[in-house]
Amino acid sequence: MPLRTVTNPVKAGSRYLSGNDAAAEGAIAAGCRYYGGYPITPSSEIMEYMSRELAPRGGAFMQMEDEIASISSVVGASWTGSKAMTATSGPGLSLMQECLGYAAFTETPVVLVDVQRAGPCTGQATKVGAGDLMAVKWGSHGDYQVVALSPWSVQEMFSLTVEAFNLSERLRVPAFLLAEEATGHLRERVDLPESLEIYDRDYQPHEPPFGCDEPDGIPSMPRFGDGENLLVTGSTHDRWGYRKTEGPAFHDALVRRLSQKVLSRKAEICRHEGYYLDDAELVVVAYGFTARAALRAVRQARRGGLAVGLLRLITIWPFDDELIRRVAQGAKGFLVPEMNLGQVDGLVRSAAGDTPVKSLTQVNGSTISPASILAALGEMR
Amino acid sequence: MARSMEKYLRPEVKTTPFCPGCGHGVLMGSLLRAIDQLGLDMKNTLFVSGIGCAAWIPSPNFAADTLHTLHGRAVAFATGAKAANPDLKVIVISGDGDLASIGGNHLIHAARRNLELTVICANNMIYGMTGGQMAPTTPQGHLTATSVQGNPYRPFDLVKLVKGAGAPYVARGAVTRPYELIGYLKKAIASPDFAFVDVLSPCPTQYGRRNKLDSAGAMYERLRGLCQESAEGTCAPGDAGDSLRLGEFND
Ligand SMILES: Cc1ncc(C[n+]2csc(CCOP(=O)(O)OP(=O)(O)O)c2C)c(N)n1
Ligand code: SF4
């Protein structure tokens, strides 16, 4: 069974850490043994940590010449059997897009930590933003799926990095830890477990590495050097990796399988938390750092007699529209506060049916305050 | 391909994708002979290529692990694979456009880092696959789909470029001189350092047609005339300048 319980290789117990350091420790704990990266604020501390910690554990660290090289090297390393990761922020993410599509199409497990800053372009390099949600899902050409998890605490910078590795290895898809500058640079107490569950790649000798009988199946994954004469290509390929670029039905079926292997497992992948939802008339839908402010605002509103609740999205991609549909049934309205001009708002709207959705957007490089959310809730009653 | 080399090819692949007279087929044969003479363990050898006609030399032809990547990125993929598993022999083989234009930055940085990679450039001085546009290796004055008046720019001398970036083993061969070429390829593959071989390889379809060398034979004759090599592996200038000197360029 590829899922196994291991002793946490990083120091367990109660620790005081930054979010970026916790993500790096989560990667080590999950078994990451290759890191290729290029410095960019506000993610660089992850790279610095990996440069110190990988070699002593028999892993490899490469400071590459740019982000295109970083993610390319991560894909190369992943096919040798290493769990592999890179971390970046907005401009670096833009450079990685072509290879992100390569990873999705070749079913290569890779973990990408995106510590988001205020964009577009160089934007405000040291300031917070959450503008990359659509870019991680739609930035590469063609149709593909990724997994993206949105932490709201240093604790989750650790645990969701482990989860990103597990999902990436299990589904053979690129998985994102979609954090924000505020969480990456936040320092708080975390409890690191003595042991944790990690997922190791599933390899069945002589099985086709790029296809199986189920239309949403996940093939077995060998490594270079296993003697399988692997053919890995970014061109349309058959189940053994042979280029097969003729035949419309064939390409159609391949692209659909790659999509379905993620979408058909939404129930396993999608996680959320609900606060005060049972009797809530107004529901704040929030994710990442903004959900912290939202929870505070919801508690204050409750004290003021407002029947409000918080739906915190942990998984952003695949998007759990079924969850929104369910919550919409008991709600009179949604409020979606975001550090962008409404990227998740559109997704909530399309799932909410007749339930009205109000968007609270802010792109000024600072976090949304509980007071702003409280004020917006006040306007909705 | 000679029968004795067929063991290195996938039986499922019946034909090569190259045009008649393309130098990439000769390079493919020379590489397999070098591998054969070295007795390389194909199970522990990874071939990495980018995008372009040359990238199809290993993929899907070679019966080994092959990684056919993105245009320009072969060296970067190879760097990750080699760093993560140093026991793998990693050989990059791709086109001049792929390695020196879009991928130029990866090439010089890999040479600088001196990780043990063998990089073989199938240099046809043009973009073959996309229809014969100017490459960074196209000689000045030569005609391409994007330089119908003649290329106004100087070509890269890839040997000097990679040498300047710090590669300990650098050579230039030509498919018109396969025996020397096999020798260079063997040395490059056996090298414990970053090693680079620039291989002049005619493209009759895109290059020849535009430059009044319509037949494969005419292209080979021209290449023979251009390339010279002295006995000790030092270089003699060809009539088109430094970027066509053959030989090994070690310190
Ligand atoms: C990012 C990107 N840009 C452009 C292309 C189109 N493209 C495919 S092959 C090629 C040129 C290949 O030339 P070269 O590397 O010299 O190889 P050759 O075909 O001559 O052997 C180009 C520009 C691409 N595939 N990807
Ligand atoms: S286009 Fe040129 S490089 Fe490509 S296969 Fe034909 S002859 Fe060879």
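Letters go in sequence order (proteins before strands), and every chain restarts at 1.
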### Task
May I ask you to decide if Lys137(A)'s main-chain N or O and Tyr144(A)'s side chain share a donor-acceptor pair within less than 3.5 Å?
yes

Heavy-atom count around Tyr38(A) OH within 6.0 Å, excluding the residue itself: above 12? no

Under 4.5 Å to a heavy atom of chain A? For Arg112(B) that would be neither

For Arg223(A), I'd like to know if atom CZ has over 12 heavy atoms of other residues, nucleotides or ligands within 6.0 Å. no

Filtered by a 4.5 Å non-hydrogen cutoff, the part of residues 42-56 of chain B contacting chain A is Lys43(B), Asn44(B), Leu46(B), Trp56(B)

When the 4.5 angstrom heavy-atom criterion is applied to Met62(A) and chain B, the contacting part is side chain

Cut-off 4.5 Å, heavy atoms of chain B, and the answer for Tyr34(A) is side chain

Note to self: Are there over 12 heavy-atom neighbours, none belonging to Asp41(B), within less than 6.0 Å of that residue's CG?
What the structure shows: yes

If one checks every heavy atom of Ala63(B) against chain A at 4.5 Å, the contacting part turns out to be both

Under a 4.5 Å heavy-atom criterion, the part of residues 66-87 of chain A in contact with chain B comprises Asp66(A), Ile68(A), Ala69(A), Ser72(A), Ser73(A), Val75(A), Gly76(A), Ala77(A), Thr80(A), Ser82(A)

N-O pairing of Arg239(A) and Asp213(A) below 4.0 Å: yes

Bottom line for Leu67(B): the part with an atom under 4.5 Å from chain A's heavy atoms is both

Under 3.5 Å, is there a donor-acceptor pair between the side chain of Arg201(A) and the main chain of Pro2(A)? no

Self-check item: Test: Lys163(B) and Asp157(B) ion pair at under 4.0 Å
Solution: no

The reported gap from CD1 in Ile35(B) to CG in Leu31(B) (rounded to nearest 0.5 angstrom) is 4.0 Å

Listed by number, the residues in residues 94-109 of chain A that come under 4.5 Å of chain B (heavy atom to heavy atom) are Glu98(A), Cys99(A), Tyr102(A)

Would a 4.5 Å heavy-atom cut-off, applied to side chains only, mark Arg113(B) and Thr79(B) as touching? yes

Against chain B, residues from residues 241-258 of chain A with at least one heavy atom under 4.5 Å, in numeric order, are Tyr242(A), Arg243(A)

| request: Check the pair Ile198(A), Asn166(A) against side-chain contact (heavy atoms from CB on, under 4.5 Å), reporting the backbone distance first and the verdict last. | output: CA-CA 6 Å; Ile198(A) 64 169; Asn166(A) 286 350; 3.9 Å; yes

Practice task
Measure from NZ or CZ of Lys82(B) to the centre of the six-membered ring of Phe77(B) and say whether it is under 6.0 Å with the direction within 45° of the ring axis.
Solution key: no

